[in-house]
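Below: the structure, in structure tokens.
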Amino acid sequence: MSAVTLSLAGAATAAYGATRSRPGAGAASSSSSPARPIPTTPAVDRIEQVRTRVRAYVERYDGHLAIAALDRRGTAAVTVGARRFETASIVKVNILAALLLRQKPPGKALSSETRRQAEAMIESSDNDAAVALWQKIEGSRGLTAANRVLGLRETKPNSHWGLTTTTVADQIRLLSALTSTTGPLTPEDRRLVMGLMAKVVPEQRWGVTAARETGNRGTYVKNGWDTADADGGRWLVNSIGRIVEARHDWLIAVLSDHHVSQEEGVRVVEKAATYLLRELRAATAQETPSPE
């Protein structure tokens, strides 16, 4: 069974009511009821309840599903599943980040040809473009070096980029590095990555985007899918991305395998992403979001 972890970007403490005597007010009469604390449910308890339900949900897939989400404007970050999965094409976001980190000076614009390859690699998941950029970052060695800078701990590059393995926790670390103002990328590079993920071709905009709500401010996605020889030709289907809403800025990753078809894998990924964000929205409904 996959390991289950829970982390909190922050946790609200329980609040209690208090009374103060008004200036000039006399002592309370003997018939008055003493003031009692107003109970509230701490955020940590609500997220713990979410974790328990999501763990039960994921356990039904017997180790073939892992999911994580973090609210950049809130307090909760839930990760369920520690197993490494093959990345397939979601590693292309990692390759792009590695490419940008190699630019000297930092933030230097890509050449027109390299920019065209980056666009094709992310927007339409072009494999030839990925191979060209993989070579430009010096393959596994370059990705390993970049991942140290990006803060990834559990991603193991493979000489064939699509066979790189990763965890949902590391994919959240990657997305955090690509969106944080204190991350290793320049503002221009962050805008480039998110801009390309926002323009993925319509036929590939499935996955974690299914969890968006009406009126969202932006969705960003990169999916990966392939058959696995080691799993009898069954499908692995992965999705990572970002959903920006009025009260939340979600980073979310879903990794899965052992599907009889790509379509089944897409359904599993979309249902899991939708379930997790629905649970987290309900759990954090009483929180005040931090400024953007």
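Everything numeric in this text was worked out from a predicted model, so none of it was measured.
With contacts defined as side-chain heavy-atom distances shorter than 4.5 Å, the pair K199/E123 qualifies. Residues W250 and R281 form a side-chain contact, since some pair of their non-hydrogen atoms from C-beta on lies under 4.5 Å apart. At least one side-chain heavy atom of I90 sits under 4.5 Å from a side-chain heavy atom of Q171. Within the 4.5 Å cutoff, side-chain heavy atoms of R102 are placed close to those of I137. Inter-residue side-chain proximity for D71 and L280 is flagged as unmet; no heavy-atom pair is nearer than 4.5 Å. Under the 4.5 Å side-chain criterion, counting only non-hydrogen atoms from C-beta, V58 is in contact with V54.
Pairs passing the salt bridge (Lys or Arg N to Asp or Glu O under 4.0 Å) check and including a residue from residues 164-183, sequence neighbours excluded, read E154-R173, D170-R173. The stretch residues 232-243 participates, sequence neighbours left out, in these side chain to side chain donor-acceptor pair (under 3.5 Å) pairs: N223-S239, R242-D249.
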Could you walk me through whether K92 and S125 pass the side-chain hydrogen bond (donor to acceptor under 3.5 Å, both in side chains) test, one step at a time? CA-CA 8 Å; K92 292 170 181 175; S125 207; 2.9 Å; yes
Under the salt bridge (charged side-chain N to carboxylate O under 4.0 Å, His left out) rule, what do E119 and R116 come out as? Steps first, then yes or no, please. CA-CA 5 Å; E119 291 171 349; R116 184 194 65 76; over 6 Å; no
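Residue K136 qualifies as enclosed at atom NZ: its count of foreign heavy atoms under 6.0 Å is above 12. Heavy-atom neighbours of R53 CZ from other residues, nucleotides or ligands within 6.0 Å: above the threshold of 12. Annotation for R153: atom CZ does not count as buried by contact number, only 12 or fewer foreign heavy atoms lying within 6.0 Å.
Side-chain atoms of D126 come within 3.5 Å of backbone N or O of A129 as a donor-acceptor pair. A donor-acceptor pair under 3.5 Å is formed between the side chain of S140 and the backbone N or O of N158. R141 places no side-chain N or O within 3.5 Å of a backbone atom of E138 that could act as its donor or acceptor partner. Side chain of R84 to backbone of T155: no donor-acceptor contact under 3.5 angstrom is found. Remark: side-chain polar atoms of S261 are paired, donor with acceptor, to backbone N or O of E264 under 3.5 angstrom. Between the side chain of E270 and the backbone N or O of G207 there is at least one donor-acceptor pair closer than 3.5 Å. Side chain of T114 to backbone of L110: no donor-acceptor contact under 3.5 angstrom is found.
Note on I172 and L174: same hydrophobic cluster, where clusters join Ile, Leu, Val, Met, Phe, Trp and Tyr whose side-chain heavy atoms are under 4.5 Å apart, directly or indirectly.
Every side chain to side chain donor-acceptor pair (under 3.5 Å) that D189 has, sequence neighbours left out, goes to T186.
Within the cation-pi definition used here (under 6.0 Å to the ring centroid, within 45° of the axis), R55 does not qualify as a partner of Y57.
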